[in-house]
Amino acid sequence: MNEAVFTLQPAPPYDFDRTAAYATYYRGTYGAESYTDGVFRRLLDAGDSLCLASVRSVGTVDRPLLQVDITAATLDDTALAGARRQISWILGVEQDLLPFHAMAGEDPTLAPLVTRLHGLHMPQTASVYEALILAIVGQQISSQVAATLRTLLINAYGPSMEVAGQVYRSFPRAKAISAVGIDGLRAVKLSNRKAEYIRDISTAITTGELELEDMHSCDDEEVVRRLVSIRGVGPWTAHWLLIRALGRSDGFPHGDLALCRTLGQLMQSAGPMKPQEALEHSRRWSPYRSYVTTYLFAAIRSRLISTAAKSRP
DNA sequence: GGCCAGGTTCGCT
DNA sequence: AGCGAACATGGC
């Protein structure tokens with residue numbers, strides 16, 4: 001094994017602990033990523049080679065600095081540059097939070113959140129494909145169940161590398177998912193319907209019929225239009241990908257049940273907001289709605305906000 | 001045990 | 001257009 005070290009300077013304020021914890025759903029490990037004892041780990045996939053990135057903070061929220069340790073079978077300058085680019089993207093180090101924090105600080109609903117979650121950046125997925133498959137797996141089911149199914153999928157079909165006696169996995173490649181087929185996906189407890197969606201998308205990518213990774217150059221509307229034309233992808237998934245996969249600042253999955261419930265609760269209305277109400281209400285937060293969404297979900301996941309459904313009579 | 005969960009499609013009016 | 005069922009699984 002070869003090793004290398006480099007540092008990253010995120011745009012301040014950057015709270016590494018909050019960002020890494022959010023990325024792993026405050027669970028220690030989530031999917032292909034882990035965050036334990038202050039170290040965030042992710043096996044990066046360059047297509048033909050794998051390398052493990054281990055990231056820790058060696059700075060502060062206002063003077064952030066990250067140390068990244070790379071471990072791989074073979075390492076050259078190209079691989080190292082690729083690893084730097086990927087891990088920077090995944091941890092959202094280049095995002096500028098200042099305009100969002102300024103806007104949110106003046107908003108009575110958001111002000112308490114940005115105080116409690118100051119410096120949280122939006123983690124992003126290594127690829128559009130990864131975000132898409134993870135989102136489809138999570139459609140309609142609770143985040144608890146989604147966590148189980150995502151982990152099963154990754155552990156079953158993700159490429160792996162062993163470092164110091166520990167096995168790390170990256171997200172499965174489209175080719176591998178296409179090859180295991182419907183049966184292979186059913187085996188990791190996906191419904192037949194979702195198995196079809198995921199297999200079809202993976203096969204289309206493998207044959208070159210579908211290209212996802214070029215969407216970085218499309219504007220938001222075109223991204224949504226292209227995504228919803230894919231079977232299995234509706235508005236929720238498309239808007240979620242603007243945030244998770246493409247790092248856009250103004251995505252807002254207004255059909256999201258938890259989001260509508262939380263907004264209803266924060267606005268002290270009787271029940272959950274309707275999706276249309278949520279969308280209209282959200283316009284005041286444009287063009288920072290991705291951050292609003294991230295902070296709301298961070299508050300839910302870390303239990304700053306209770307998501308308990310309506311209390312029983 | 002039943003009901004619901006960070007949706008979407010499909011088949012009905 | 002709009003509405004309801006089906007979908008698989010785990011937690012409460």
Side-chain angles (χ1 to χ4, degrees), chain A residues 21-27 30-31 113 120 122-125 130-156 180-202 204 224-245 251-266 271-279 281-282 289-313:
Chain A
Y22 177 79
T24 49
Y25 286 63
Y26 305 90
R27 290 165 162 271
Y30 194 95
L113 286 182
L120 167 66
M122 299 188 296
Q124 296 161 153
T125 56
E130 177 174 333
L132 180 52
I133 302 306
L134 289 174
I136 290 173
V137 170
Q139 283 170 359
Q140 191 262 336
I141 58 180
S142 68
S143 49
Q144 300 270 352
V145 178
T148 304
L149 301 185
R150 287 167 180 162
T151 301
L152 279 173
L153 177 72
I154 289 162
N155 287 343
V180 302
I182 303 287
D183 291 345
L185 293 168
R186 295 298 307 263
V188 291
K189 304 189 173 180
L190 292 170
S191 66
N192 193 56
R193 188 65 83 66
K194 282 184 186 174
E196 281 176 23
Y197 298 158
I198 291 170
R199 192 273 316 263
D200 289 350
I201 289 167
S202 303
V224 172
R225 196 170 61 242
R226 279 179 58 178
L227 286 172
V228 297
S229 73
I230 300 169
R231 181 161 177 268
V233 181
W236 176 84
T237 305
H239 286 269
W240 184 236
L241 259 63
L242 285 176
I243 302 172
R244 282 288 288 151
F252 192 75
H254 58 278
D256 186 285
L257 199 53
L259 197 57
C260 289
R261 262 204 321 247
T262 303
L263 286 176
Q265 197 174 324
L266 290 174
M273 273 195 185
K274 291 180 191 144
Q276 275 311 314
E277 292 172 342
L279 181 59
H281 190 88
S282 76
R289 284 179 282 186
S290 293
Y291 294 99
V292 174
T293 305
T294 301
Y295 276 57
L296 287 173
F297 280 141
I300 295 169
R301 286 184 202 167
S302 64
R303 302 173 201 283
L304 290 180
I305 297 177
S306 150
T307 53
K310 56 182 185 223
S311 53
R312 295 177 193 284

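In the text below, chain A, chain B and the rest are named by the order of the sequence lines, each starting its count at 1.
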A.B. asks: Using whole Å, what does the distance between atom P of nucleotide B/dA5 and atom CD of A/Gln144 come to?
C.D. replies: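 From A/Gln144 CD to B/dA5 P: 14 Å.
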A.B. asks: Would you kindly give the CD1-to-C1' distance between A/Ile230 and B/dT9, to the nearest whole Å?
C.D. replies: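 One finds 15 Å between C1' of B/dT9 and CD1 of A/Ile230, rounded.
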A.B. asks: To the nearest Å, how far apart are A/Ile136 CD1 and B/dG7 P?
C.D. replies: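 Atom-to-atom, A/Ile136 to B/dG7, this comes out as 14 Å.
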A.B. asks: Taking NE2 from A/His239 and C1' from B/dT8, how many angstroms apart are they, rounded to a whole number?
C.D. replies: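 It is 14 Å, rounded to the nearest whole Å.
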A.B. asks: To the nearest angstrom, how far is A/His254 atom NE2 from B/dG7 atom P?
C.D. replies: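 Nearest whole value for this atom pair: 12 Å.
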A.B. asks: Look at the side chain of A/Lys194 and the backbone N and O of A/Val137, then say whether any donor-acceptor pair between them is shorter than 3.5 Å.
C.D. replies: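 Checking the backbone N and O of A/Val137 against the side chain of A/Lys194, a donor-acceptor pair under 3.5 Å is found.
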A.B. asks: Starting at atom CD of A/Gln265, determine the distance to atom P of B/dG6, rounded to an integer number of angstrom.
C.D. replies: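 Roughly 13 Å, once rounded to whole Å.
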A.B. asks: Please write out each protein N/O paired with an N/O of nucleotides 4-9 of chain C under 3.5 Å, distance rounded to 0.1 Å.
C.D. replies:
from  : atom 1 : to       : atom 2 : distance (Å)
C/dA8 : OP1    : A/Asn192 : N      : 2.1
C/dA8 : OP1    : A/Arg193 : N      : 3.0
C/dA8 : O5'    : A/Asn192 : N      : 3.1
C/dA8 : N1     : A/Gln140 : OE1    : 3.0

A.B. asks: If we take the P atom in both C/dA8 and B/dC10, what is their distance in whole Å?
C.D. replies: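 14 Å, rounded to whole Å.
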A.B. asks: Starting at the 5' end of DNA chain B and moving along, which residue's nearest nucleotide shows up first, A/Ser143 or A/Val233?
C.D. replies: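 Comparing both residues, the 5'-ward one is A/Ser143.
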A.B. asks: Can you check whether A/Pro272's main-chain N or O pairs, donor with acceptor, with A/Glu277's side chain at less than 3.5 Å?
C.D. replies: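 No, the answer is negative, given that no donor and acceptor are paired below the 3.5 Å cut-off.
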A.B. asks: The criterion is side chain to side chain donor-acceptor pair (under 3.5 Å); which residues satisfy it with A/Ser282, sequence neighbours excluded?
C.D. replies: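 Residues passing side chain to side chain donor-acceptor pair (under 3.5 Å) with A/Ser282: A/Arg289.
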A.B. asks: Could you measure the distance from the CG atom of A/Asp256 to the CZ atom of A/Arg261? Nearest 0.5 Å is fine.
C.D. replies: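 CZ of A/Arg261 is found 9.0 Å from CG of A/Asp256.
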A.B. asks: Taking NZ, NE, NH1 and NH2 as the nitrogens, is one of them in A/Arg231 or A/Glu196 under 4.0 Å from a carboxylate oxygen of the other?
C.D. replies: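 Counted as a salt bridge, because a side-chain N and a carboxylate O are separated by less than 4.0 Å.
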A.B. asks: Using a 6.0 Å distance limit plus a 45 degree cone around the ring axis, check whether A/Arg301 lies over the aromatic ring of A/Tyr26.
C.D. replies: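 No - A/Arg301 does not lie over the ring of A/Tyr26 by the 6.0 Å and 45° rule.
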A.B. asks: Please tell me which of A/Leu259 and A/Val228 maps to the more 5' nucleotide of DNA chain B, matching each residue to the nucleotide holding its nearest heavy atom.
C.D. replies: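 Comparing both residues, the 5'-ward one is A/Leu259.
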A.B. asks: Parallel under 30°, tilted from 30 to 60°, perpendicular over 60°: which one fits the rings of A/His254 and A/Phe252?
C.D. replies: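 Ring orientation, 0 to 90° scale: parallel.
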A.B. asks: Is any side-chain nitrogen or oxygen of A/Arg261 closer than 4.0 Å to OP1 or OP2 of B/dA5?
C.D. replies: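 Yes, A/Arg261 has a side-chain N/O under 4.0 Å of OP1/OP2 on B/dA5.
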A.B. asks: Please answer whether B/dG6 and A/Phe297 are stacked, defined here as ring centres separated by less than 5.5 Å and planes angled under 30°.
C.D. replies: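 A/Phe297 ring centre within cut-off of B/dG6 base, planes near parallel; stacks.
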A.B. asks: What distance do A/Leu266 atom CG and A/Leu296 atom CG have between them, rounded to the nearest 0.5 Å?
C.D. replies: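 These two atoms lie 6.5 Å from each other.
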A.B. asks: What's A/Pro235 touching, base or sugar-phosphate or nothing? Going by heavy atoms closer than 4.0 Å.
C.D. replies: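 Contact class for A/Pro235: sugar-phosphate only.
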A.B. asks: Between B/dA5, B/dG7, B/dC10, which one does the side chain of A/Arg231 approach most closely?
C.D. replies: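 Between B/dA5, B/dG7, B/dC10, the one nearest the side chain of A/Arg231 would be B/dC10.
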A.B. asks: Would you confirm whether A/Tyr295, through its side chain, and A/Leu120, through its main-chain N or O, come within 3.5 Å as a donor-acceptor pair?
C.D. replies: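 A pair under 3.5 Å: yes.
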A.B. asks: Please measure how far the P atom in C/dG2 lies from the corresponding atom in B/dG6, and state the result in whole Å.
C.D. replies: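 Straight-line distance between the two P atoms is 26 Å.
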A.B. asks: Take atom CZ of A/Arg27 and atom P of B/dG6, then tell me their distance rounded to the nearest Å.
C.D. replies: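 So the CZ-P distance, A/Arg27 to B/dG6, works out to 12 Å.
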A.B. asks: B/dT8 C1' sits how many Å from A/Asp200 CG, rounded?
C.D. replies: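 Checked: the CG to C1' distance equals 14 Å.
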A.B. asks: Which part of the nucleic acid, if any, lies within contact of A/Arg301, taking any heavy atom under 4.0 Å across all strands shown: a base, the sugar-phosphate backbone alone, or nothing?
C.D. replies: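 Base contact.
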A.B. asks: How long is the gap from CG on A/Leu185 to OH on A/Tyr197, to the nearest 0.5 Å?
C.D. replies: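 Here the rounded value is 13.5 Å.
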A.B. asks: Which range-with-range stems can be found for DNA chain B when each stem has 3 or more Watson-Crick or G-U pairs in a row and both distances sit under 3.5 Å?
C.D. replies: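 Stem list for DNA chain B: B:2-5 with C:9-12, B:7-13 with C:1-7.
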